[in-house]
Amino acid sequence: PNPGEVTTINLEPVLFSFSNSIINGSSFSINVNISNDEFNQVIPFNVIVGNVTQNDPLGPDEYGYYIYDNNDYGYDLTPSYDWIEIDPGEGGNGVDLQISDGGNGNNIDNSTKYVDLPFSFSFYGQEYSQVSVSSNGWISFGQTNMESFRNYPIPGAGGPSPMIAAFWDDLKTNNESGVYVLIEDSYVVFEWSKMRTYDQNSEETFQIILYDSVTPTGDDDIKIQYKEFNNTSAFNSYHPVYSTIGIENHLGNIGLEYSYNNLYPQAAAPLANQSALFITTRNTNVYNLGDVNQDNVPDVVDIIIIINHILNIQNLSNIGEYLADVNQNSTVNILDVILLINIILDA
């Protein structure tokens, strides 16, 4: 074309197909190269695969971490709530870290303690042998003297970096509460037992588990569990927001925020009693809808299982019921059987 002349070229649509094993919400960068003898331009754009729901993991962040919750039924890394009691007052065999905290920055001389790990723990590509444990629901790798009883969004400048925030809020201790540690060869458990929020005095019991793991990035796995979850810190001059939950790296510029101020991203199911989170850089298997027995093949066996469930002959687990709901309308019925038959016939 001549200078200033606009030429319109109609192209046939370009179709992309993606594997069912891709996690919903995954982003792929694609470059389109437009050129002729006198012109060349690369146009980048991103494609988001699938529709993200509360049944999908949160992430990844820029480093590659995902957070799975116990409602992410379509993935084999979905955690289950499996409480490890270490509070000696509840029959556990953990060690009392002698942490005490009066709340609101008062009497906090013993609010943070240091624990040596039995293995080197990798987090965002950095190796650590020690953990700082705070009364206020977070741990930081290495040693930090930060009190950080007021919580902020993560990642960010507020609070220590790196950080795992299980329930970052202004928490206080009383005669019944405590922070405990159990050290095993392949994992370490930190438990905040019967802690109280300064603002509303509600009880919170939760734990962080650090695993000596093998992952593609070399980073180790983390699990957070909530035995009692009461996110009650209301707005006032001292405590303007509800708790912060998530992770951030040593620079405070990369991380995943699962919840802040009682707000959750689309992929995060709201937390409650007996909730669990699994934090990892590992790859996961994505289960196909209809594959109720999770053998990677939707077939007549799955049809029989679904029919037995509809007839109340066989009860499905939460994961099985999710996979049996082929049309994802929150009800397992004969329509799901018909849809599964069509899937099998088209395979």
Side-chain angles (χ1 to χ4, degrees), residues 23 54-61 63-87 90 92-94 115 117-124 128 131 133-134 137-141 154 162-168 179-193 195 204-229 243-249 255-259 264 267-285 318-319:
I23 296 174
Q54 289 184 358
N55 299 122
D56 296 308
L58 177 66
D61 64 12
Y63 184 81
Y65 275 104
Y66 285 92
I67 300 181
Y68 293 80
D69 63 66
N70 53 288
N71 292 294
D72 294 338
Y73 298 131
Y75 305 89
D76 68 353
L77 290 182
T78 298
S80 59
Y81 174 81
D82 187 15
W83 185 257
I84 302 175
E85 186 58 73
I86 68 171
D87 180 349
E90 298 295 322
N93 58 344
V115 174
L117 298 175
F119 47 82
S120 179
F121 190 88
S122 181
F123 186 62
Y124 282 101
Y128 301 97
V131 172
V133 185
S134 170
W138 54 262
I139 66 172
S140 181
F141 294 99
I154 53 177
M163 171 189 271
I164 301 173
F167 191 95
W168 182 15
V179 183
Y180 307 92
V181 63
L182 175 66
I183 298 177
E184 300 288 354
D185 291 340
S186 58
Y187 65 92
V188 178
V189 183
F190 301 97
E191 178 180 334
W192 289 256
S193 181
M195 302 293 287
E204 317 287 347
T205 298
F206 53 92
Q207 62 186 200
I208 296 175
I209 308 171
L210 304 179
Y211 295 99
D212 187 12
S213 313
V214 178
T215 66
T217 62
D219 296 281
D220 294 296
D221 294 330
I222 304 155
K223 189 176 185 181
I224 304 176
Q225 300 194 110
Y226 300 90
K227 184 177 182 180
E228 187 163 4
F229 182 85
S243 66
T244 301
I245 296 162
I247 59 173
E248 71 176 28
N249 70 349
L256 277 178
E257 183 179 271
Y258 191 86
S259 179
Y264 294 84
L271 296 170
N273 294 348
Q274 299 188 359
S275 294
L277 303 177
F278 185 64
I279 304 169
T280 184
T281 59
R282 282 197 280 156
N283 297 322
T284 185
N285 290 324
N318 287 338
I319 295 176

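All values below come from the heavy atoms of this structure, side chains included, with hydrogens, waters and symmetry mates left out. When a residue number appears, it is its place in the shown sequence, counting from 1.
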Testing the basics here: between [X] and [Y], what is the closest heavy-atom pair and its distance to 0.1 Å?
X: E248; Y: Y124; answer: C-CE1, 3.6 Å
X: T284; Y: D76; answer: OG1-OD1, 2.6 Å
X: N70; Y: Y73; answer: O-CE2, 3.3 Å
X: I84; Y: E191; answer: O-OE1, 3.8 Å
X: S122; Y: G218; answer: CB-O, 3.3 Å
X: L256; Y: I154; answer: O-CD1, 4.2 Å

Rounded distance [0.5 Å steps], [atom1] in [X] versus [atom2] in [Y]:
X: W138; Y: M163; atom1: CH2; atom2: CE; answer: 6.0 Å
X: Y258; Y: S243; atom1: OH; atom2: OG; answer: 12.0 Å
X: L277; Y: I164; atom1: CG; atom2: CD1; answer: 11.5 Å
X: S80; Y: Q274; atom1: OG; atom2: CD; answer: 11.5 Å
X: F278; Y: Y75; atom1: CZ; atom2: OH; answer: 15.5 Å

**Message:** Could you check whether F167 and F229 have their ring centres less than 6.0 Å apart?
**Reply:** yes

**For D212, all residues meeting side-chain contact (heavy atoms from CB on, under 4.5 Å), sequence neighbours excluded** = F119, D220

**Request:** Could I get the full list of side-chain contact (heavy atoms from CB on, under 4.5 Å) partners for T215, not counting sequence neighbours?
**Result:** S213, T217, D219, D221, T280, T281, R282

**Request:** Test K223 against Q207 for side chain to side chain contact (heavy atoms under 4.5 Å, CB included), laying out the working first.
**Result:** CA-CA 8 Å; K223 189 176 185 181; Q207 62 186 200; over 6 Å; no

**Message:** side chain to side chain contact (heavy atoms under 4.5 Å, CB included) for V179 and M195? Distances and angles first, verdict last.
**Reply:** CA-CA 8 Å; V179 183; M195 302 293 287; 4.2 Å; yes

**Asked** What orientation do F121 and F141 show, parallel under 30°, tilted 30 to 60°, or perpendicular over 60°?
**Response** parallel

**Request:** Indicate the ring-plane relationship of F123 and Y65, choosing parallel, tilted or perpendicular according to the 30° and 60° boundaries.
**Result:** tilted

I'd like to check [X] versus [Y] (side-chain heavy atoms, cut-off strictly below 4.5 Å). Are they in contact?
X: I67; Y: I224; value: no
X: I245; Y: Y226; value: yes
X: I139; Y: L210; value: yes
X: Y180; Y: I86; value: yes
X: P57; Y: I23; value: yes

**Asked** Given V131 and V188, is the side chain to side chain contact (heavy atoms under 4.5 Å, CB included) satisfied, shown in steps?
**Response** CA-CA 11 Å; V131 172; V188 178; over 6 Å; no

**Prompt:** Tell me, which pairs form a salt bridge (charged side-chain N to carboxylate O under 4.0 Å, His left out) where one or both residues lie in residues 179-190, sequence neighbours left out?
**Reply:** none

**Request:** Using distance alone, with no hydrogens and no angle criterion, decide if Y264 and D69 have a side-chain donor and acceptor under 3.5 Å apart.
**Result:** no

**Request:** Give the C-alpha distance, both sets of side-chain angles, the deciding distance and a yes or no for side chain to side chain contact (heavy atoms under 4.5 Å, CB included) between I183 and V115.
**Result:** CA-CA 10 Å; I183 298 177; V115 174; 4.0 Å; yes

**Polar side-chain atom of D87 near backbone of G92 as donor-acceptor pair, under 3.5 Å** = no

**Request:** Look at the side chain of Q225 and the backbone N and O of K227, then say whether any donor-acceptor pair between them is shorter than 3.5 Å.
**Result:** no

